[in-house]
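Right, one structure below, let's go through it.
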Amino acid sequence: MNFSVEDHVNMTRALALAERGLFTTTPNPRVGCVIVKDGVVVGEGWHEKAGGPHAEVHALRAAGARANGATAYVTLEPCSHHGRTPPCANALIDAGVARVVAAMRDPNPQVAGQGLELLTLAGIEVQVGLLEGEARELNIGFVSRMTRGRPWLRLKTASSLDGKTALLNGASKWITGAAARADVQRWRARACVILTGSGTVLADDPQMNVRELDTPRQPLKVIVDSGLSTPPSAKILLGGAFIACAEADYLRRTALEAAGAQILEIPDAHGRVDLAALLQEFGRQGINEVHVEAGATLNGALLAAGLVDEWIAYQAPVVMGHAARGLFNEPELTDMAERHQFNLLDMVQVGADLRLRLRPV
């Protein structure tokens, strides 16, 4: 399908608007809309938070009567069903829009082409696929939940050049510099859940919240803790947290619940937390993106289970030696074919450190 330079410019603007909802729209997708009449932008908007007006509604309100005969650029197919807000496809039809350009179809089975069909039946020219890759990346977690039933899992690590995350005695502050640690806050903020393991809680007593960044929403905090070893005094429980365990001892459960924890029993056949089932439960709860900051045990378990969708690896220009702690605890590999292979998406320098973004082959 052929799109003009003007089409590309307007959809790029719509994507930039959609990104303004990066930290706030969960569980909904991030969507932007630009309305253009005779080459002039007459209205624009983005979805700000769940329950609020969708991007198209904001843009149509700004455009008013000028939307009649205009082109609407939307980063996601307009919805066709009644949720907490009325269908956007109907709003575009009622406004008299002549053409709708959507970056991608909505993977939500409740929409799945129905919005575009409504527009077409109303005589509106519809085109789909402009900057689809960029739109999909912006909502990769939403797409994952709608198509796989589970959120997108993004693993973050910080290590030395020789792949070490802490000294043998547990000291790890700080391997990477202040710029890299600040960069991590943005990845935390865009996630719906920050996931860690009980080993990290016991070793570092982290808060695992978003700091030094203006965001109205804190992600949920979830601890994988098969035996409920998390102490009730742990900082991560401040403000509430979930603990996924294999079996909940009554006394420990009672103490942790009194400290603000909610306990989820999700055992596997080996007395550990069933990580795949945990992610499916996240999907049922409307979780789009999971950000993992954990130790080698949980990292290794997620990798071995094939649950790592993306790896954000910060590398500091230091060497910590063979005795220091590594990134992944996994059984010994005996064949090179057993290696976990990744594609490198990008690599940027953040302060004195490198940030690599990778996805499994």
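A distance of 12.0 Å separates CD of E44 from NE2 of H58, quoted to the nearest 0.5 Å. Taken to the nearest 0.5 Å, the CZ atom of R211 stands 10.0 Å off from the CZ atom of R181. Taking CG of L256 as the reference point, atom CD of Q262 lies at 12.0 Å (rounded to 0.5 Å).
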Could you go step by step and tell me if V42 and V36 meet the side chain to side chain contact (heavy atoms under 4.5 Å, CB included) rule?
CA-CA 6 Å; V42 295; V36 178; over 6 Å; no

With side chain to side chain contact (heavy atoms under 4.5 Å, CB included) as the test, would you mind laying out the steps for V57 and R61 before giving the verdict?
CA-CA 6 Å; V57 173; R61 285 176 180 171; 3.5 Å; yes

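The salt bridge (charged side-chain N to carboxylate O under 4.0 Å, His left out) search around D214 returns none, not counting sequence neighbours. Partners of E257 by side chain to side chain donor-acceptor pair (under 3.5 Å), not counting sequence neighbours, listed by chain and number: R253. When the salt bridge (charged side-chain N to carboxylate O under 4.0 Å, His left out) test is applied to D274, no partner is found at least two apart in sequence or on another chain. Residues satisfying the side chain to side chain donor-acceptor pair (under 3.5 Å) criterion with D353, sequence neighbours excluded, are absent altogether. The salt bridge (charged side-chain N to carboxylate O under 4.0 Å, His left out) test applied to E247 returns no partner, not counting sequence neighbours. Under the side chain to side chain donor-acceptor pair (under 3.5 Å) criterion, Q127 pairs with R99, not counting sequence neighbours. Scored by the salt bridge (charged side-chain N to carboxylate O under 4.0 Å, His left out) test, E281 finds R284 as partners (sequence neighbours excluded). Every residue two or more places apart in sequence or in another chain was checked for a side chain to side chain donor-acceptor pair (under 3.5 Å) with E125, and none qualifies.
More than 12 heavy-atom neighbours from other residues, nucleotides or ligands sit within 6.0 angstrom of CD on E338. At most 12 non-hydrogen atoms from other residues, nucleotides or ligands lie less than 6.0 angstrom from CZ of R186. Within 6.0 Å of CZ in R66 there are more than 12 heavy atoms belonging to other residues, nucleotides or ligands. Annotation: D335, atom CG; neighbour count of heavy atoms from other residues, nucleotides and ligands within 6.0 Å is above 12.
One hydrophobic cluster holds both Y73 and L131 under the rule that ILVMFWY side chains link at heavy-atom gaps under 4.5 Å. By the rule that hydrophobic residues join a cluster once side-chain heavy atoms approach within less than 4.5 Å of another member, L153 and L298 end up as members of one cluster. Note on L327: it clusters hydrophobically with L358, by side-chain heavy-atom contacts below 4.5 Å among ILVMFWY residues. L76 and V101 fall into different hydrophobic clusters, where Ile, Leu, Val, Met, Phe, Trp and Tyr side chains are chained together by heavy-atom contacts under 4.5 Å. By the criterion of side-chain heavy atoms lying less than 4.5 angstrom apart, applied directly or through intervening Ile, Leu, Val, Met, Phe, Trp or Tyr residues, V290 is grouped together with L275 in one hydrophobic cluster.
Counting only residues at least two apart or in different chains, ring pair (Phe, Tyr, Trp, His ring centres under 6.0 Å) contacts with residues 316-361 comprise W311-F328, W311-F342. The side chain to side chain donor-acceptor pair (under 3.5 Å) contacts involving residues 286-299 comprise R30-E289, R145-N288, R154-E289, R188-E293, R190-E289, H291-E293, T297-N329, where partners must be two or more places apart or lie in separate chains.
With W46 as reference, L17 is the one residue of V34, L17, L15, T75 to meet the side-chain contact (heavy atoms from CB on, under 4.5 Å) rule.
Within the 4.5 Å cutoff, no side-chain heavy atoms of T26 are placed close to those of T24.
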Throw together a table of side-chain donor-acceptor distances under 3.5 angstrom for residues 226-242, partners on residues two or more places apart or in other chains.
{"residue": "S226", "atom": "OG", "partner": "V273", "partner atom": "N", "Å": "3.3"}
{"residue": "S229", "atom": "OG", "partner": "D225", "partner atom": "OD1", "Å": "3.1"}
{"residue": "T230", "atom": "OG1", "partner": "D225", "partner atom": "OD2", "Å": "2.7"}

Using a 3.5 Å cut-off and no angle test, enumerate the donor-acceptor pairs between side-chain atoms of residues 115-123 and protein atoms at least two apart in sequence or in another chain.
{"residue": "T120", "atom": "OG1", "partner": "L116", "partner atom": "O", "Å": "3.0"}

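Between G271 and A246, the shortest heavy-atom contact is O-CB, 3.3 Å.
Salt-bridge annotation for D309 and R150: present, with a side-chain N of the basic residue lying under 4.0 Å from a carboxylate O of the acidic one. A salt bridge links R359 with E310: the distance from a Lys NZ or Arg NE/NH1/NH2 to an Asp or Glu carboxylate oxygen falls below 4.0 Å.
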